[in-house]
Amino acid sequence: MIRNLLRAAAALALATAALAAPGVSITIYNDNLSLVRDTRGMEFKAGRGELMFRDVSAQIDATSVHFRADGVDMLEQNFDYDLVSPDKLLQKYIDKEIEVVNEKGEIARGTLLSFGGMRGAGQLVLKQGDGSLRSLMLDKAADIRYPSLPEGLITRPTLRWLVDARSGGNKETEVSYLTSGLSWKANYVLVSNQENTRADMDAWVTITNSCGTSYTDAKLKLIAGEPNRVRDVMRRAYAADMMVESVGAKAAPQFQEQSFFEYHLYTLQRPASVMDNQIKQISLFPSAAFSTKKLFTYDSQVDNDRVTVSLEFENREENGLGIALPAGVVRVYQLGPDGSQEFIGEDRIEHTPRHETMRVTVGKAFDVVVEKNQQDYRQISSHSSETDWEVKLRNRKQDKIEVVVVDHFWGDWEIRQSSLPYKKVTATKVEFTVPCDADQETILTYTVRQW
C-alpha cells in the first residue's frame with residue numbers, strides 16, 4: 001500500500017510538468033507522511049561505483065526510495081543515519097585514545113574505558129600511559145579532542161548507492177521517497193461581532209518539520225484526506241526544539257485548491273523553504289466575512305445539565321469561502337464592548353466540502369438552566385412501554401432565544417404526544433425547537449412509546 005501511495009503521488013508530481021526542473025518538491029499529508037521528490041545534477045563515472053546522495057530526511061522510509069537517472073542502474077542501497085553527536089563520539093571511542101581539557105586548561109590523555117550518561121553529565125574513565133586510571137567529571141570538561149571522525153558516523157543523513165552507469169558525465173538524477181517527520185494541519189481564527197450575526201475568518205496552514213533535514217525553495221503541496229496506510233513501517237524519533245515562522249500576505253490566495261483522487265490538493269503558488277526544527281505558518285486564503293447564526297442545543301446524552309452554544313455558517317462563495325476546507329481547529333473570538341477581542345471557545349472541524357453547513361461549538365451557556373426528568377413509565381405489553389419526559393428550560397438572559405432539545409431512542413419508537421412540534425431527524429434522533437422568553441421558564445413535555 002505504501003508503494004502504491006508513492007506511485008500515485010509521484011504520478012501527480014510528474015503531471016505538473018513533463019520534465020521537472022532541478023529542485024525539491026514536497027507533498028505533505030495530514031498523517032505525519034510526506035513524499036519528497038528531489039531532482040539534482042550528479043556526476044557519474046562509467047561502470048560500477050559508489051554514489052552518495054546526501055541531505056535526505058533522517059526519518060526516510062528507505063524501502064520507498066525511487067531512483068531514476070538515464071543509463072544508470074541501482075544495484076544496492078544503504079541508508080546511513082548514524083549522525084555525529086557528543087554521546088555517539090564517546091561511544092565510538094571506547095578503548096581508543098582521546099584528550100580531555102579541563103576548565104583550567106590541563107590536558108588528560110588516555111584510553112577511554114567508560115563514560116556515564118550524556119555529554120555534560122556523569123563521569124568518564126581514562127587509562128593513562130603509566131597504567132593508572134583517572135576519573136573525570138564530564139561537566140568539568142572544557143574540551144574533548146578526538147583524533148578523527150570514527151567510521152560509520154556521518155554529519156548528514158545519506159543514501160549510499162552501488163550503481164552501474166553505462167556512460168559517465170553529469171546526469172539529471174531524480175529521487176523520490178516517503179518520510180515521516182513532516183506534517184501539516186489547518187488552523188482557523190474566527191472573530192464574531194457582539195451580536196453573533198457576522199464573523200470574519202482567517203485560515204492558516206501550519207507545517208511542522210522535525211525530519212532532520214531542511215528543504216530550501218521547495219515546491220510545496222498539501223493533501224487533505226485519509227490515504228490507507230500499512231502501519232508496520234518502523235519510524236525513528238528525533239527530539240527537536242521547534243522554531244516558529246509565520247509568513248504569507250493575505251491579499252490574494254496563496255494556495256490553489258483542486259480535487260485529486262478522493263482527496264483535495266492544495267498547491268502553494270510560490271517556492272517555500274521548510275527548515276528543520278521549524279513550525280511554519282502560511283495563509284490558506286484571504287480573510288472571509290459571512291453571516292452566522294447562534295444556536296443553543298441541549299442533548300442530555302452529551303451533557304445532562306448544560307446547554308451548548310454554537311455558531312453556524314455556510315461554506316459558500318458568497319461568504320468568501322466555497323472551497324474544500326481541511327480539518328483543523330477553529331479558535332473563536334468575539335468583539336467586546338470596548339472593541340477588543342476576547343477568546344470564547346474552540347472546536348475541531350472535519351474535512352468540509354464546499355456548499356456544506358459548518359457548525360462550530362463554542363462552549364456552554366451560562367444563563368440558560370436546564371432540568372430533564374422522567375415523569376412516568378408504563379409497561380404497555382411484554383414488548384412495549386411508554387415514558388413521559390419533562391424538560392425545564394430557564395432563560396435568565398435579557399433576550400428571547402430558541403433551544404433545540406435533542407433526544408435519542410433505539411429500536412422502534414414513536415412520539416405519542418408532545419407539548420411542542422418535533423422533527424424526526426434520523427431513525428434514532430428527534431429534535432424539539434423550544435422558544436424561551438427572556439427571564440422565563442419554559443417546559444417541554446413529551447411521551448415516547450418504544451417496542
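Source: prediction; values computed, not measured. Residue indices begin at 1 and follow the sequence shown.
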Would you check if the side chain of [X] reaches a backbone N or O of [Y] as a donor-acceptor pair within less than 3.5 Å?
X	Y	value
Asp70	Lys171	no
Asp412	Gln450	no
Thr433	Val404	no
Trp184	Ile223	yes
Gln59	Ser210	yes
Asn32	Ser180	no
Ser273	Asp217	yes
Gln77	Ala62	yes
Asp347	Val360	no
Asn209	Met275	yes

Checklist line | Whether Trp161 and Phe67 hold their rings parallel, tilted or perpendicular, with breakpoints at 30° and 60° | finding: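 It falls in the perpendicular class, over 60°.
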Item checked: Mutual orientation of the aromatic rings belonging to Tyr93 and Tyr146 [parallel < 30°, tilted 30-60°, perpendicular > 60°] ->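 Plane angle between 30° and 60°, so tilted.
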Would you compute the distance between atom [atom1] of [X] and atom [atom2] of [Y] and round it to the nearest 0.5 angstrom?
X	Y	atom1	atom2	result
Phe313	Leu321	CZ	CG	6.5 Å
Leu75	Leu162	CG	CG	5.0 Å
Thr292	Leu311	OG1	CG	5.5 Å
Met358	Leu190	CE	CG	9.0 Å

Next item on the list: Take Ile60 and Val65 through the test side-chain contact (heavy atoms from CB on, under 4.5 Å) and record every step on the way to the result.
Entry: CA-CA 9 Å; Ile60 186 175; Val65 174; 3.8 Å; yes
Would you say the side-chain atoms of [X] and [Y] include a donor-acceptor pair closer than 3.5 Å?
X	Y	result
His351	Glu226	no
Thr267	Gln256	no
Arg198	Ser291	yes
Gln258	His264	no
Gln254	Ser283	no
Asp276	Ser214	no

Notebook entry, point to check: Looking at Asp407, Asp299, Asp305, which hits salt bridge (Lys or Arg N to Asp or Glu O under 4.0 Å) with Lys372?
Noted result: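 So, applying the salt bridge (Lys or Arg N to Asp or Glu O under 4.0 Å) to Lys372 and each of Asp407, Asp299, Asp305, only Asp407 qualifies.
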Note to self: Here's a test for you: under salt bridge (Lys or Arg N to Asp or Glu O under 4.0 Å), which of Lys293, Arg359, Lys294 qualifies with Glu312?
What the structure shows: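 The salt bridge (Lys or Arg N to Asp or Glu O under 4.0 Å) with Glu312 is passed solely by Arg359 among Lys293, Arg359, Lys294.
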Next item on the list: Give a yes/no verdict on a cation-pi contact between Arg40 and Phe53, requiring under 6.0 Å between NZ or CZ and the six-membered ring centre and an angle within 45° of the axis.
Entry: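 Here Arg40 passes the 6.0 Å and 45° test against Phe53.
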Item checked: Sole residue of Leu113, Leu112, Thr111, Leu136 in side-chain contact (heavy atoms from CB on, under 4.5 Å) with Val125 ->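 Running side-chain contact (heavy atoms from CB on, under 4.5 Å) over Leu113, Leu112, Thr111, Leu136 with Val125 returns exactly one hit, Leu113.
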Next item on the list: Please step through side-chain contact (heavy atoms from CB on, under 4.5 Å) for the pair Leu182 and Ile26, ending with a clear verdict.
Entry: CA-CA 9 Å; Leu182 270 167; Ile26 308 173; 4.1 Å; yes
Next item on the list: May I ask you to check whether over 12 heavy atoms, not counting those of Lys45, lie within 6.0 Å of atom NZ?
Entry: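 No - once you tally the heavy atoms of other residues, nucleotides and ligands closer than 6.0 Å, there are 12 at most.
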State plainly whether the residues [X] and [Y] are in salt-bridge range, i.e. N to O under 4.0 Å.
X	Y	value
Arg109	Glu97	no
Arg166	Asp73	yes
Arg354	Glu356	no

Item checked: Test side chain to side chain donor-acceptor pair (under 3.5 Å) applied to Asn196 and Ser192, step by step -> CA-CA 6 Å; Asn196 303 126; Ser192 174; 2.9 Å; yes
